[in-house]
Amino acid sequence: MSLAPPVNGYRDGTLSRHLFRRNTVALRTCVESLLKQGVDLRSRGISGSCADMLAHRQALWTFIDKPDVEPTNNHGEREL
């Protein structure tokens with residue numbers, strides 16, 4: 001199973017916002033679990049970065065939770 005959200009289907013209109021959100025549940029769960037493991041490592045630099053991301057997890061998932069945020073690469077990445 002791929003954990004990558006199906007952004008192309010959302011972008012081209014073949015995937016509804018509801019299905020996109022439902023299909024990203026596993027991604028969110030996996031990423032947050034890995035971040036928690038990173039915190040538990042107690043590794044200088046890594047654990048702190050993981051803790052910071054967990055502390056701001058709502059912002060991490062804005063592209064999933066907010067319908068007005070397009071879940072695709074940002075404009076700068078598309079220019080590259």
Side-chain angles (χ1 to χ4, degrees):
M1 174 177 88
S2 171
L3 292 178
V7 173
N8 289 335
Y10 183 78
R11 184 184 303 148
D12 69 16
T14 59
L15 180 71
S16 70
R17 179 87 188 165
H18 171 75
L19 286 176
F20 172 75
R21 291 190 72 210
R22 191 181 78 186
N23 291 345
T24 56
V25 170
L27 172 70
R28 184 187 303 228
T29 302
C30 180
V31 169
E32 289 185 11
S33 175
L34 290 169
L35 289 171
K36 288 174 187 172
Q37 290 177 39
V39 171
D40 292 343
L41 286 174
R42 300 182 192 267
S43 173
R44 187 174 182 188
I46 293 172
S47 295
S49 294
C50 291
D52 286 343
M53 285 188 262
L54 283 171
H56 298 95
R57 74 181 70 177
Q58 285 183 297
L60 184 63
W61 305 116
T62 299
F63 74 102
I64 295 172
D65 297 330
K66 304 277 185 182
D68 58 334
V69 176
E70 185 180 339
T72 59
N73 292 337
N74 68 36
H75 178 73
E77 290 175 338
R78 286 194 295 258
E79 292 297 315
L80 291 175

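Every heavy atom of this structure was used, including side-chain atoms; hydrogens, water molecules and symmetry mates were not.
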Exercise for the section: Look only at the side chain of S16 and the backbone of L19, and say whether a donor-acceptor pair between them is shorter than 3.5 Å. Expected result: yes
Distance, nearest 0.5 Å, that separates [atom1] of [X] from [atom2] of [Y]:
X	Y	atom1	atom2	value
K66	Q58	NZ	CD	8.0 Å
L34	T29	CG	OG1	11.0 Å
R57	D52	CZ	CG	12.5 Å
L35	S49	CG	OG	10.0 Å

Between [X] and [Y], which heavy-atom pair has the shortest distance, and what is it?
X	Y	answer
S47	G38	OG-O, 2.7 Å
V39	A51	CG2-N, 3.5 Å
I64	R17	O-NH2, 2.7 Å
A59	T62	O-OG1, 2.9 Å

Handout entry: Common cluster, I46/L60, ILVMFWY with side-chain heavy-atom separation under 4.5 Å
Key = no
Exercise for the section: Evaluate side chain to side chain contact (heavy atoms under 4.5 Å, CB included) for L54 paired with K36, printing each intermediate quantity in order. Expected result: CA-CA 8 Å; L54 283 171; K36 288 174 187 172; 3.7 Å; yes
